[in-house]
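If you're wondering where the values come from, they're calculated on a predicted model, not measured in any experiment. For reference, positions follow the sequence shown, starting with 1. Whatever order the structure lists ligands and atoms in, that order sets their numbers, starting from 1.
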Amino acid sequence: MTDGEKILRVRGDPDHPANFGRLCQKGASVAQTVHVTSRLRHPMIRAGANDPLAVVSTDTAVLRVARDLDRIVQHHGPGAIAFYLSGQLTTEAQYLAGKFAKACLRTNHVDTNSRLCMASAASGMTLSLGSDGPPTCYADIELADAFLFVGSNAAECHPIVYDRVAERVRRRGAKCVVVDPRRTPTCDVADVHLPVKPGTDLALMNGLLRIVRDAGRIDREFVAKHTEGWDELNALLDDYPIKRVAEICGLAQSDLLEASRILLESQRLITFWTMGVNQTLQGTFTTNAIINLHLARGQIGKPGCGPFSLTGQPNAMGGRDCGYMSHSLPGQRFVANAAHRAEMESIWSLPPGHIQPEPGYDAVRMFDALHHGEVKAIWIIGTNPAASMPNLPRVREALERAELVIVQDAYYPTETTAFAHVVLPAAVNFEQSGTFCNSERRVTLMEQVVPPPGEAKPDWWWVQRVAREMGFERGMSFATSADIFDEFARATAGRPNQQSALHYELLRANGPQHWPFPAMGKPSERRYEDGIFAMPSGKARFWARPHELAGERTNVEFPLVLTTGRVISQWHTRTKTGLVPQLNGRPQVSLNPVDVKALRLRDGQDVRIESRRGTARATLRADVNVAPGVAFMPIHWNELFAPSASPNEATTDETDPISKQPALKCCAVRVVPADETPIAQTVVARMAVTQTA
Ligand SMILES: Nc1nc2c(c(=O)[nH]1)N[C@H]1C(S)=C(S)[C@@H](COP(=O)(O)OP(=O)(O)OC[C@H]3O[C@@H](n4cnc5c(=O)[nH]c(N)nc54)[C@H](O)[C@@H]3O)O[C@H]1N2
Ligand SMILES: Nc1nc2c(c(=O)[nH]1)N[C@H]1C(S)=C(S)[C@@H](COP(=O)(O)OP(=O)(O)OC[C@H]3O[C@@H](n4cnc5c(=O)[nH]c(N)nc54)[C@H](O)[C@@H]3O)O[C@H]1N2
Ligand SMILES: [Mo]
């Protein structure tokens, strides 16, 4: 409900097929985050390195960005320019920014916070099934008889999905297994909780499949008809007897057996997995192992079952669909594939060979390249890397060294605007029209209901203005977001994620739609129902993935494993939720009481969490729900709220070798009492600039 200018009240859409009107706390309180003093209303520019940001006109800001980018391209080539985008932008913004970079400027250094989030799920699904995007839909929840959560705390992070699961468990007796080093609220409906050692899920998945195999419960017919690679996997499973698996994962054999009994008895299993898998060095391999289990049981492409990667951000799926990663192009195409480049060159009316053949840098390497000066300029849209990237001390150094940092955000200040030379104000949801694609591959059109404040504009609008200012008028002349969507949707024709028959009018008239939604034929809510996978052979692929004790090892100096995650009331780096008074709190680190005692610390004490890279600060909490040897820190508290409050001061930027996703869930630390040494000046102190106009 609005008064024409402002949102007064928010309620769920009872007809929306994903939530039927139910909202989580963050959604329900969104009105409190839109019209606030910390909204960014005007562009700002920093004249010299040490000058404060000052408000300027839209024209001045656009001219400055265009001129600086142009100068850098002239002197250093297009590879000196990078874009860092977000799964919280509309598909239209993601698509247009990617097009500007890859088609106009000719740099493939476009990466996104999805690299920190969904990259391993995406690469794992592509390797196993031939295409990114889960095969399942939410309606499968009401048909399933068992649920396996691996590294997912859905009760706090996907509460609407979780409610549907909980209902199925409570009312229909569906079984539930949760794999998480912490006893999270998601365990409330679990029959079995497996408190794995962080980073050992692959061994666990291999071990569970081994038990299934030994019990003779492989679907031989499905395996023979629809898959390849069983023999190698079958041989690998011999290395995963239950005793060894229990040891690697730190689990009781009896718990393992109980979990496997649920899998053996289930006819329709859904496996949900998220960051506890993706944010590890073996995230891609573990994704493969999860899919192996479903292929081996023939529990995929059928009602009520399948591997179900839950998407973190509202539009990470749309972003992956429109090729917003450094290795990808629209329509699940790949930069490294010559045929795919040629197709996009034809769609974008570019001369053959125009798109650079080398994939660009992933997020971690992008900031590395900024650090060593190869990349000179970065345009950051809708993400807050100075808080959310691993190894923050290094990320801050990289941003400090950059020649040009453009930050396009909806709020000010953020940890990242402290490093900006130019700040551009963005419209948020409800202030613009655009599409979002969710975890079940369903595209929703979000309509504008109120005007953006001040000079704020939709994200795509800024990209197009700058592109045109730089002389890229052809292909950058969209009048509305609907026109951008049409170009994107057409580019998916014939691709695994095709949605070429979708357009705004259809979405308006018929509501949110699943892809695939081809021009001919009918949309499908579930994929691979015909048993044909998106591989050249039509068959899905088993992968034999050995567990390795990857990642930073603990030792005498750094004896604890730090893992990180979310709590229900907060959103990420809190630029939004930090504004809602009832959602506040203090940064904390939780340890098992056994460790608290052994370290001679006490509950409630201020401590430092030190790694080889940096130091975070928090208040210690003794918590029996955290496994011994593990320290847990929420990700939501950052510089803006308390100095060194982010676990990313300490986390490692080592990445999964295939997906390039950093291992944000696992690094070696020690926890020591906070001393009296003064805290170095924070970015916040340097940001003491108020927005006046
Ligand atoms: N309230 C709230 N909801 C959110 C968000 C938010 O900020 N706030 N963010 C959204 C986004 S972008 C995302 S990506 C999702 C994330 O959703 P989730 O992935 O569910 O959230 P996390 O808390 O990051 O991690 C999930 C769990 O992984 C566990 N874990 C850590 N290490 C391991 C491991 O090695 N193995 C296993 N099996 N588990 C491990 C942690 O203890 C944690 O409970 O949430 C989305 N929803
Ligand atoms: N240690 C550790 N680190 C993590 C994680 C973890 O589990 N552990 N999780 C990772 C994951 S999964 C994710 S997704 C990332 C999230 O990390 P970020 O993407 O940095 O998180 P947000 O705080 O959501 O940042 C979004 C930014 O966009 C702004 N914004 C909001 N709406 C709009 C809009 O419409 N347009 C524009 N231009 N700006 C907007 C917000 O003000 C905010 O500054 O963090 C990652 N970092
Ligand atoms: Mo995420």
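Checked against Glu431 for a side chain to side chain donor-acceptor pair (under 3.5 Å), the options Lys457, Gln448, Arg39 give a single hit: Arg39.
Proximity of Ala426 to ligand 2, defined as any heavy-atom pair under 4.0 Å, is confined to the side chain (atoms from C-beta onward). For Asp459, every heavy-atom contact with ligand 2 shorter than 4.0 Å involves the side chain, none the backbone. With a 4.0 Å heavy-atom cut-off, ligand 1 is reached by the backbone of Asn153 and by its side chain too. In Ile635, the part holding a heavy atom less than 4.0 Å from any atom of ligand 2 is the side chain.
Atoms of ligand 2 lying under 4.0 Å from any heavy atom of Gln88, numbered from 1 in the order shown and given with element: 19 (O), 22 (P), 24 (O), 26 (C). Contact atoms of ligand 1 toward Thr184: 44 (O) (distance under 4.0 Å to a heavy atom of the residue). Near Gln313, meaning under 4.0 Å from any of its heavy atoms, are these atoms of ligand 2: 14 (S). Interface atoms of ligand 1 facing Asp201, defined by a heavy-atom separation under 4.0 Å, are 34 (C), 35 (O), 36 (N), 37 (C), 38 (N). Of all atoms in ligand 1, listed by their number and element, those nearer than 4.0 Å to a heavy atom of Cys117 are 14 (S). Against a heavy-atom cut-off of under 4.0 Å, Thr414 is close to the following atoms of ligand 2: 44 (O). Contact atoms of ligand 1 toward Gly565: 22 (P), 23 (O), 24 (O) (distance under 4.0 Å to a heavy atom of the residue).
Between Thr564 and ligand 2, a contact under 3.5 Å exists for at least one N or O pair. Here's the thing with Arg566: one of its N/O atoms is less than 3.5 angstrom from an N/O atom of ligand 2. At under 3.5 Å, a nitrogen or oxygen of Gly382, whether backbone or side chain, sits near a nitrogen or oxygen of ligand 2. Taking only nitrogen or oxygen atoms, main chain and side chain alike, Asn429 does not reach within less than 3.5 Å of ligand 2. The distance criterion of under 3.5 Å between nitrogen or oxygen atoms is not met by Thr651 with respect to ligand 2. Remark: ligand 2 and Asn384 share an N or O pair separated by less than 3.5 Å (distance only, no angle test).
With sequence neighbours excluded, no residue forms a ring-ring contact (aromatic ring centres under 6.0 Å, His included) with Phe436.
Heavy atoms of Ser646 come nearer than 4.0 angstrom to ligand 2 in no pair at all. For the ligand labelled ligand 2, residue Ala410 lies inside the 4.0 Å heavy-atom shell. Assignment of Met389 to the shell around ligand 2 is not supported, since no heavy atom sits closer than 4.0 Å. At least one heavy atom of Lys665 lies less than 4.0 angstrom from ligand 2.
Within the structure, salt bridge (Lys or Arg N to Asp or Glu O under 4.0 Å) pairs that include any residue of residues 383-394 comprise Asp368-Arg394 (at least two apart or interchain).
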